[in-house]
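Each chain gets a letter, A, B and so on, in the order the sequences are listed, and its residues count up from 1.
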Amino acid sequence: MSTSSNFYVQVYQVTQRIPVGKVTSYGRIAQMLGRPHAVRAVGYALSALKDAESGAAYTSATVPWQRVVNSQGRISIVNREHTAVDQAHILREEGVAVDENGRMDLNSYLWEGLHLVELDDILRGDG
DNA sequence: ATGGTGACTCGCG
DNA sequence: GCGCGAGCCACCA
């Protein structure tokens, strides 16, 4: 079974399933992992990603963190130095229309989510 | 073990 | 639509 120590990995693996041109929210990821109230922990997990140079199993280069926004369809890290600009920029390159305020239309870009069989792989640790 | 910290969310005013 | 307060969780000192 999954343990709390695998939570980060589970978040990363779900995030890696988000297709180019689509986005999802922290809350939806938490729900998919069966922890609807662990929304803050999801954001915490993504913020813990290190660069590719770190050599870590999951890095900001292998995990499409930019495809995760808040439930309002808006980029959450607006007040950080350059990350906000980068996230909006990357998303636009992937085909997502993001306005100057970091907002996008979830009706157009929201990811459907994982199917049960895929979730089972991740929760079992085989994903 | 205890307390502080977020890339969150929801409900109000 | 926006700001605020409170609830919730995994991590790290």
Do any N or O atoms from the side chain of A:N70 and from the backbone of A:G73 form a donor-acceptor pair under 3.5 angstrom?
yes

Please determine whether residues A:W65 and A:F7 belong to a single hydrophobic cluster, defined as Ile, Leu, Val, Met, Phe, Trp and Tyr linked transitively by side-chain heavy-atom distances below 4.5 Å.
yes

I'd like to know whether CD of A:E53 has more than 12 heavy-atom contacts from other residues, nucleotides or ligands below 6.0 angstrom.
no

Given protein heavy atoms under 4.0 Å, the one-letter contact record of nucleotides 8-13 of chain B, with B base, S sugar-phosphate only and - none, is simply BSS---

Identify the two heavy atoms, one from A:Q87 and one from A:Q66, that lie closest to each other, and give their separation to 0.1 Å.
NE2-O, 3.1 Å

Output for pair (A:N101 CG, A:I75 CD1), nearest 0.5 Å, gives 10.5 Å

Interatomic distance, A:D86 CG vs B:dA7 C1' [rounded to whole Å]:
14 Å

A:H37 or A:R103: which one's nearest nucleotide on DNA chain C is closer to the 5' end?
A:R103

Check: protein-nucleotides 2-5 of chain B nitrogen or oxygen pairs below 3.5 Å:
none

Can you tell which of A:L33, A:D120, A:L119, A:D121 makes a side-chain contact (heavy atoms from CB on, under 4.5 Å) with A:L114?
A:L119

Let me check something: any side-chain donor-acceptor pairs from residues 19-28 of chain A under 3.5 Å, sequence neighbours excluded? List them with distances.
unit_1: A:K22; atom_1: NZ; unit_2: A:S108; atom_2: O; d: 3.2
unit_1: A:S25; atom_1: OG; unit_2: A:R28; atom_2: N; d: 3.2

Interatomic distance where CZ belongs to A:F7 and C1' belongs to C:dC8 [whole Å]:
11 Å

Co-membership, hydrophobic cluster, residues A:I18 and A:V39, 4.5 Å side-chain:
no

